[in-house]
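I have placed the structure first, in the form of structure tokens, so that the comments after it can refer back to it.
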There are 2 protein chains.
Amino acid sequence: MTTTQSESHVLSKSCQYALRAVVYVARHASSSHLIGAQEMAESLEIPKHFLSKILQQLTRNQLVSSTKGPHGGFYLNDVNELTTIDRIVEVMDGPGLFKACVLGLPECSSTHPCPLHFEVVEYRDGFYHKLKRLTVKELAQFVHKGQIHL
Amino acid sequence: MTTTQSESHVLSKSCQYALRAVVYVARHASSSHLIGAQEMAESLEIPKHFLSKILQQLTRNQLVSSTKGPHGGFYLNDVNELTTIDRIVEVMDGPGLFKACVLGLPECSSTHPCPLHFEVVEYRDGFYHKLKRLTVKELAQFVHKGQIHL
DNA sequence: CAAATAAAGGATATATGGGTCTTTTATTCG
DNA sequence: CGAATAAAAGACCCATATATCCTTTATTTG
């Protein structure tokens with residue numbers, strides 16, 4: 001009797017790492033003091049090379065900024081700080097996530113719904129709109145307060 | 001520039017298949033007319049052998065009933081029909097899903113929250129409680145109405 | 001009982017996300 | 001300029017979800 005349970009998750013690990021990294025950068029970096037992938041990987045306990053890949057991807061999509069060389073590293077410019085969380089998710093996990101059917105059907109909408117559609121849309125959409133309204137800057141500020149941790 | 005987007009999902013494919021299969025059985029099987037994995041796989045366009053495995057797992061956990069041999073197949077007994085959807089999800093994807101942190105942190109709760117915790121708990125919990133209140137029987141009945149499809 | 005049927009079960013293959021390693025490019029500083 | 005530093009980029013490996021195949025067990029029917 002082998003009870004195999006597949007792992008499932010709302011956000012991919014890459015995306016989770018990306019969000020934590022961005023918040024970390026928002027909190028610890030400034031234009032005069034950049035943060036390296038090394039330090040970030042250690043603090044957040046994320047595999048270094050994997051994190052580098054993720055930061056690359058974020059940089060390419062202009063969600064974080066970087067410079068090479070000594071004292072180089074990552075930081076957020078004024079535009080980056082106003083990135084909304086849904087953008088990061090979109091870049092990492094693709095645009096399909098917030099539109100996808102719970103049951104995995106290719107066609108599922110209010111005009112052609114799966115049996116679960118009307119039962120659960122509100123949670124998917126609510127989640128989406130929340131992330132759409134939340135900026136990196138705001139999210140990072142939460143960390144100051146109370147017991148909030150990364 | 002390789003923009004790798006990992007696919008993410010709330011429910012694993014196995015779980016999605018499981019839910020669709022159970023609803024299919026609820027709608028098409030009766031104690032006098034069982035449904036075979038073959039027919040189900042074709043109708044739902046799910047790989048047959050993979051579906052068989054899933055049905056096995058559901059049967060072992062007594063969420064569906066089955067008999068072997070000619071005219072054998074799957075059906076739901078009175079108890080099976082009252083299974084709530086969250087049970088199926090739990091059996092397929094494990095119990096962790098509805099408790100898991102969005103950011104993947106091992107410790108995350110209202111007393112020790114991640115930055116996103118209070119922003120999104122309501123959607124995770126709302127989703128969970130919805131599935132907890134919904135039975136297979138009820139879900140299957142939705143399919144009768146309107147344009148709902150599997 | 002024998003043959004046929006279909007689920008149960010186990011072993012194995014494939015695809016993908018996750019993770020590692022090495023080389024190249026850009027930048028800083030002595 | 002040359003050495004050191006750190007990101008960018010590409011190749012590669014590993015674990016797991018997904019998918020397939022084959023054998024065994026149970027049940028029905030002639």
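So you know, we letter chains A, B, ... as the sequences are listed, proteins then strands, and number each from 1.
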Can you sort out the partners of [X] under salt bridge (Lys or Arg N to Asp or Glu O under 4.0 Å), two or more places apart, ordered by chain and number?
X         : value
Lys130(B) : Glu119(A)
Glu122(B) : none
Glu138(A) : none
Lys48(A)  : none

Kindly write out the residues that satisfy ring pair (Phe, Tyr, Trp, His ring centres under 6.0 Å) with [X], not counting sequence neighbours, or none if the list is empty.
X         : result
His28(B)  : Tyr24(B)
Tyr123(B) : none
Phe118(A) : none

To the nearest Å, give me how far apart [atom1] ([X]) and [atom2] ([N]) are.
X        : N       : atom1 : atom2 : answer
Ile46(B) : dT18(D) : CD1   : P     : 12 Å
Tyr75(A) : dA6(D)  : OH    : C1'   : 14 Å
Asn61(A) : dA9(D)  : CG    : C1'   : 15 Å
Gln57(B) : dT18(D) : CD    : P     : 11 Å
Asp93(A) : dT16(C) : CG    : P     : 16 Å
Glu45(A) : dG19(C) : CD    : P     : 13 Å

- prompt: Of all heavy-atom pairs between Met92(B) and Ala18(B), which one has the smallest distance, and what is that distance?
  reply: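 For Met92(B) versus Ala18(B), the nearest heavy atoms are CG-CB, 3.8 Å.
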- line: Reading nucleotides 20-30 of chain C from 5' to 3' and marking B where a protein heavy atom lies under 4.0 Å of the base, S where only the sugar-phosphate is that close, and - otherwise, the string is BBB--BBBBS-
task: May I ask you to test the Leu51(B)-Met40(B) pair for a side-chain heavy-atom distance under 4.5 Å?
output: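 Answer yes - side chains close enough.
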- request: Applying side chain to side chain contact (heavy atoms under 4.5 Å, CB included), name anything that partners Lys99(A), two or more places apart in sequence or on another chain.
  value: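 Per chain and number, Lys99(A) pairs via side chain to side chain contact (heavy atoms under 4.5 Å, CB included) with Tyr128(A).
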- prompt: Any donor-acceptor pair under 3.5 Å joining the side chain of Gln56(B) to the base of dA7(C)?
  reply: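 Answer no: no donor N or O sits under 3.5 Å from an acceptor.
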task: Verify the contact: side-chain N or O of Tyr17(A) to OP1 or OP2 of dG18(C), cut-off strictly under 4.0 Å; return yes or no.
output: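 Answer no for this pair, as no side-chain N or O of Tyr17(A) is under 4.0 Å from OP1 or OP2.
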field: Distance test, side-chain N/O of Arg60(A) to OP1/OP2 of dA7(D), below 4.0 Å
entry: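 Checking dA7(D) against Arg60(A), no side-chain N or O comes under 4.0 Å of OP1 or OP2.
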message: Base, sugar-phosphate or nothing for Ser52(B)? Non-hydrogen atoms, less than 4.0 Å.
response: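 Nothing, no heavy atom under 4.0 Å.
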- request: For residues 43-89 of chain A, pull every pair meeting ring pair (Phe, Tyr, Trp, His ring centres under 6.0 Å), keeping only residues two or more places apart or in separate chains.
  value: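 Sorted pair list: Tyr17(A)-Phe50(A).
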Expected rows: protein N/O vs nucleotides 13-17 of chain D N/O, under 3.5 Å:
| from | atom 1 | to | atom 2 | distance (Å) |
| --- | --- | --- | --- | --- |
| dA17(D) | OP1 | Glu7(A) | N | 3.0 |

task: Compute the bend angle of the helix from dC1(C)-dG30(D) to dG30(C)-dC1(D) from the end axes (five pairs per end), rounded to 10°.
output: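 The value is 0°.
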